[in-house]
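Structure, as structure tokens:
First the proteins, then the strands, lettered A, B, ... as listed; each starts at 1. As the structure is a prediction and not an experimental result, all values here were calculated from the model.
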Amino acid sequence: MGEPLLSIDNLHVKFARSEDEVYAVNGVSFSINENETLGIVGESGSGKSVTLMSSIGLLKENGTITAGTANFQGRDLLKMHRKQLEDIRGRDIGVIFQDPMTSLNPVMRIGDQIMEAMLTHHYAGRREAYDRTLQLMHEIGIPDPKTRFRSYPHEFSGGMRQRIMIAIALACEPQLLIADEPTTALDVTVQMQILALLQDLRRQRGMSVVMVTHDFGVATNFCDKIIVMYGGRIMEVAETDHFIRETAHPYSIGLKRSIIEIGHKGKEILPIPGATAAITEEPAGCPFAPRCTYASARCLQEVPELRPFGTDHQIACHHAEEVVSLVR
Amino acid sequence: MASTAAAARTELAVKKKSKNRSPLYQGWKRFKRHRLAVIGLVWVSLFFIAGVIGPWVAPYDYRVGDFLAINQGPSLKHIFGTDNVGHDMFSQILYSVRSALIIALGATLVSFVIGIVLGLWAGLRGGIADVIIMRAVDFMMTLPGFLFALILVILLGRGYWSLILAIGIPGWAGYARLVRSLVLGMRNGEMVEAATALGASQAHIARRYMLPNVVGSMGVALAFGIPGDLVQIAGLSIFGMGLQPPIPSFGNMIAQASDNILGFPWLLYFPAGIFALTLLSFLFVADGLQEAFSPKGGN
Amino acid sequence: MSDNLLLQVENVTKTFRVQGKKLHAIENVSFALEPGKTLGLVGESGSGKSTLGRLVLRLLDSDQGRILFNGTDISKIKKKDLRALRRDMQIIFQDPSASLNPRMTVGDAIEDAMEIHQIGTKAARQARVSELLQRVGLPDEVKYAYPHELSGGQLQRVGIARALSLNPKLIICDEPVSALDVSVQVQVIQLLRDLQKEYNLTYIFISHNLAVVEYLSDEIAVLYLGEVVEQAPADELFRNPSHPYTQVLLNSILKIPERPEQRQEMLSIQGEVPSPLNPPKGCPFHPRCAFAMETCRTIKPEQRTVSEGHFAACHLVDQAAGGLHR
Amino acid sequence: MAVARFIAKRLVQIIITLILVISASYIMMYYSPGGFMNSSIMATALAPLQGQNPVLYHQVMDQFESRYGLNLPLWQQILKYLWHEFSFDFGNSMQNPSLHISAQLKQTLPVSALLAFGSVVLSVVIGVPLGIIAALKRNTWIDYVVSTVSLAGQAIPAFVLAVIMVLLFGVVFQGILPVTGWGSWKEMVLPVICLAAGNVGVVARYMRGSLIETLRQDYIRTAKAKGVKYWPLVFKHGVKNSLTAMITVIGPQFAFTVMGTIWVEQIFAIPGLGQVMQSAFTSFDYPLAITSVFLLGSMIMLMNLLVDIVYALIDPRVKL
């Protein structure tokens, strides 16, 4: 494994609201290696999407990065000027978003929207960019690319529009693809089509993919490595096989137990008590402590740092060992 | 079962019943933040007060002209000066406020009532009623209301009532279209579907579900409507079709001022200034209301 | 089929007029429901599952077919008598904040249901509201709150409390948990199940999430492009899916693997759901079906019995072999 | 071609609307108390003649009534009149029968059209950029100034502004710009500015509102993710989408402006349609009044048709 493609260190992000402030990301550190699929899993409000969006400068207006670095190819993205970031976005890092219905420009032909990235980054001349767009459209499964080049987004279904989003993201052959809940808004059969397409494209191009999702099933089947996030911090990092064999963090365990799956009929499902609430004060101790059945006084004051827990497995919990023995 | 109740309690910190949580109060807080809107509201309230008590407070009777003091500039006796017949401009303006208010509010009310009735009818009933009313709205929208007002003035004459109807009647289309779109938006929404599933009658749904959610937008429309009608009244007078002198009105004063603007400019300053300031205040209030009740800003 | 059926839907069809063209939302659907049981309606977007739910409640009028609720055909009676029947049938929506009046406190919203039917005095209704809030696991102070102050999970409980307030017999749950977080989802599902046991409620549970439907339903109907392609008791359907579309659905669901070697491959079927404006002739699924034959393209398959209470609309369902020859 | 069919449909609608407007006005004026449309005005004017020479009186009256077709049944009158209107044979003014209406309108209509069109163009040319700047610099002092000024522009009606202009350029800065009359482009400047003041505000506020809304959309975030630079993002993605919302405002604004011309022409003493209409209405000259309504109405409706076509060209989702 060479030097990691993107490594984020001690990232803190805050959002200003009319009456209070929300601590969305509270010290997140992880890295993505080349040709790797990383799954970042968590419920809404866990800060999974904010972490990635802030690292490439797509933070909402009321958000501010208060600390941390994001090294990509030896340069810190967080210290970059807007112009430099614009060169990287779309060329070296591609992004796919959640809702295909609203993520395409309604008054611009889809062919032009795919070609725009190539022309902006002078990746190819107009003629060559046109041919490459047709080729890309064919590759992602859009029938009759030549005529459909001139169609507009409202003439396509949700699944097709997500394919167009993928074509846009891959236009300049980026090394890293960030997929922010790419299949959440799609039906299950369409989701499978998109995941299959993403897997083929990734393998052909040796591209790294970061998949942000709340769906454990998608993450554990699609990604090589899993990161579980809660309350703006990383709870657990593990190779997927290790994660499946032995989930160690109380939150991950609780989450896996509370998901209803095929074949669970009649089985008693134990929900995690309470619900995720936005953190509006300076976080102290483990964010999951208020809802954790194994929480001790220490969990409330001292923030558990990520520490190794067996090979290719890290955990941020003071009592991981006891928890695992109890659960086994 | 107990665990879910306990769990729900931890998430929720709900304060006791207090009026400061109702959407109306939230709206008022947002309105107050719009400083210009507050200033506008102050001026508009003054304008209304002047309209009510004006005639009793006015130093001179609007009919009485002081021949000795024709076309004088502002002085202690006549703070806003006098016109070419010796009327005290300050009293004239006070009377005009009343006449303007009576006609503008009357006309807005006429437009509003016709608009609400037809808008609700088209929105709720749908079918042919909707098609006919909407075609009528398009018809009224193609030509400026002022043209219809002109024709109506010829027909009905230039008294208070005829002016109210002349300006009011052509103004219904805007309100009808707004009410219809609001009603249609809600009728297909889940809130009304849920109420229907509860067994609520259409009257109950209209009263308790639709009306409270329409009031905000209607308030904004009214706040924009009134200044519109004020301009129409003045426009008619400039055109020579407004209130017949000697009844004072902003339109007549401004028309008169424009005839001899070169000689006595103050004839213009006060009526035009107050008239414009009033319009501006209404617009600021409307802008503030929009901010308070705008759907984009949430409720 | 025992005769004390709460609900019988027979050959219901519904079409909408869209820009002059006919949209086939529901095509000749039939099913029956015993009191205290749950029927799961599963299907992807555009399958018409929500429309079917609204047809049963007569929030939409069907073109043809009968809907017998406690013996009366509600698709034919006048709107005025329908209102009395509304007390027995209620609905819970996917987005609770859209179904609640933003200008009404939660307490008033629940009380309004009883006010409409003039049930009890003001005081009695207030007491009932507190009782309902406690029953769905919300603290009593919530009755003063406005919808914009509560979380998704809490709003959904308010929606349930409001539906319960009239002691209904049938509740249509239209994707009640799809918009909620995982940990909150389970709490609402358990609440629904406990309430069913306690009040002997009958549910029609509509969702695109097969796992949740399996967990809650006694019987499941799979909808594709407005038609019921397969219907069976819950465990039978998952043990022996007999319609190609049901099989595709089951294979497309990504489960958390028990063991690393069980990680699923990403294999997907071709094509997209055709537009309901011009549904394909014959079997609606034939353009995307791996087993499609010439007859599938021309003749619409009728419901064939696979086993007791298990029907599938597919030419390949061989009654003897008890399901599709793989 | 779809567009041709759309235009044909809309033209038919315009013609129907005009027929309705004119027939309605004709009927209203016919029954209006002022004896507006029957020959009572002429009868009163000639009353003394009736006493002296009844024969001559009846001759003149018959000749007058037949000239204006007043002796036909009402619906026939309307049909005849509509036929003349649409064939642009406007007949003669009642006030001074010798003056041929179409001649009179030939010089005045272009003046009003020029004023109205000029002010709408001016308000778009100034309003759109102002709105964009206010949106991009949201909640800064620039946005504050633009919003307040545009509200003020809306608040001061054209006729008030016109009088102020006359005062300014007539007295204080005398000679720079002519304050009355019509001829070269100089005379056009002040009236157009007065008319445009109100519109600039509306156009700017609409543009600002729809651009702010557009820049919040998901597809702007997609464009940023593509690395699209700031200005192309604002114009190719932001402004292009918000133009559609803004164009819908232009139609009604044009109708509002056309009304403004009537007042402005009077104050600046410009021989436009407004002047003609004013005298026609105040002196109950029905042929002139109805014809001016006819011309004004068709001008506005054609403008609305133009706006709809431009809207359809810009927004592909709109099927004609």
Side-chain angles (χ1 to χ4, degrees), chain A residues 43-46 141 156-160 183 185-200 214-222 239-245 247 251 254-277 291, chain C residues 42-47 151-154 177 179-191 193 208-218 234-235 238-239 245 248-275 288:
Chain A
E43 292 177 290
S44 56
S46 58
F156 292 92
S157 71
M160 274 300 167
T183 58
L186 304 176
D187 282 315
V188 69
T189 50
V190 180
Q191 163 172 287
M192 194 57 109
Q193 288 172 344
I194 298 295
L195 290 177
L197 174 65
L198 270 177
Q199 200 162 54
D200 299 344
H214 67 278
D215 186 330
F216 258 83
V218 169
T220 47
N221 284 292
F222 185 83
E239 290 297 322
T240 307
D241 294 353
H242 292 289
F243 185 78
I244 293 171
R245 207 175 288 115
T247 325
Y251 175 64
L255 216 47
K256 267 172 97 171
R257 274 212 206 112
S258 66
I259 292 171
I260 295 177
E261 300 224 284
I262 307 277
H264 282 195
K265 188 170 179 62
K267 208 171 101 192
E268 193 49 32
I269 306 286
L270 302 168
I272 305 173
T276 47
R291 298 175 69 189
Chain C
V42 166
E44 297 185 297
S45 16
S47 61
S151 73
Q154 292 161 332
V177 290
L180 304 178
D181 261 327
V182 174
S183 46
V184 179
Q185 225 173 57
V186 174
Q187 293 167 11
V188 172
I189 285 167
Q190 279 187 329
L191 176 61
R193 210 188 43 188
H208 63 278
N209 181 332
L210 230 61
V212 170
V213 168
E214 188 219 13
Y215 183 76
L216 273 176
S217 312
D218 302 305
D235 37 27
F238 287 87
R239 201 172 53 251
Y245 176 63
V248 163
L249 264 185
L250 288 177
N251 296 336
S252 305
I253 292 163
L254 291 169
K255 280 179 65 178
I256 305 176
E258 299 307 332
R259 288 183 309 287
E261 47 284 6
Q262 279 178 335
R263 284 174 66 179
Q264 286 162 269
E265 256 311 298
M266 304 289 156
L267 16 94
S268 71
I269 65 166
Q270 290 318 318
E272 299 227 298
V273 181
S275 140
R288 307 173 71 196

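- Separating the OG1 atom in A:Thr189 from the CD1 atom in C:Ile253 is a distance of 10.0 Å, to the nearest 0.5 Å.
- Comparing A:Asp200, A:Asp241, A:Ile259 by heavy-atom pairs within less than 4.5 Å of chain C, the highest count is held by A:Asp241.
- When the candidates A:Ile272, A:Leu198, A:Leu255, A:Val188 are compared by the number of heavy-atom contacts under 4.5 Å with chain C, A:Val188 comes out ahead.
- At a 4.5 Å heavy-atom cutoff, the contact between C:Ile189 and chain A is made by side-chain atoms alone.
- Sparse packing is recorded around CD of C:Glu258, with 12 or fewer heavy atoms of other residues, nucleotides or ligands lying under 6.0 Å away.
- Residue contact with chain A, scored on non-hydrogen atoms closer than 4.5 Å, is absent for C:Gln185.
- We find the CD-CD1 distance between A:Glu261 and C:Ile256 to be 4.5 Å, quoted to the nearest 0.5 Å.
- C:Glu272 contributes no side-chain N or O that, together with a main-chain N or O of A:Ser157, makes up a donor-acceptor pair within less than 3.5 Å.
- To the nearest 0.5 Å, atoms NE2 (A:His264) and NZ (C:Lys255) are separated by 6.0 Å.
- Neither the backbone nor the side chain of A:Arg257 comes within less than 4.5 Å of any heavy atom in chain C.
- Proximity to chain A is limited to the backbone of C:Gln270, based on heavy atoms less than 4.5 angstrom apart.
- Heavy-atom distances place no part of C:Asp235 under 4.5 Å from chain A, backbone and side chain included.
- Residues A:Met192 and C:Leu254 form a side-chain contact, since some pair of their non-hydrogen atoms from C-beta on lies under 4.5 Å apart.
- Taking 4.5 Å as the limit, some side-chain heavy atom of A:Arg245 sits within range of a side-chain heavy atom of C:Pro260.
- Listed here is the closest heavy atom pair of A:Leu195 and C:Met266: CB-SD, 3.8 Å.
- The minimum heavy-atom distance linking A:Thr220 with C:Pro257 is given by the pair OG1-CD, 3.5 Å.
- When heavy atoms are compared at a cutoff of 4.5 Å, A:Phe243 does not approach chain C at all.
- For A:Gln199, the part lying near chain C is the side chain, with the backbone staying farther off; criterion is any non-hydrogen pair under 4.5 Å.
- Under a 3.5 Å cut-off, the side chain of A:Lys265 and the backbone N or O of C:Ser217 do form a donor-acceptor pair.
- Of the possible polar contacts, none joining the C:Gln264 side chain to the A:Asn221 backbone as a donor-acceptor pair under 3.5 Å is found.
- Note: A:Ile262 CD1 to C:Asn209 CG = 7.5 Å, rounded to the nearest 0.5 Å.
- Ion pair C:Arg263/A:Glu239 not flagged as a salt bridge, since none of the NZ, NE, NH1 or NH2 atoms sits closer than 4.0 Å to an Asp/Glu carboxylate oxygen.
- Checked by atom type and distance alone, the side chain of C:Gln190 never pairs as donor or acceptor with a backbone atom of A:Glu268 at under 3.5 Å.
- A:Pro271 and C:Ser183 make their closest contact through CB-O, 4.1 Å (heavy atoms, listed as atom of the first residue, atom of the second, distance).
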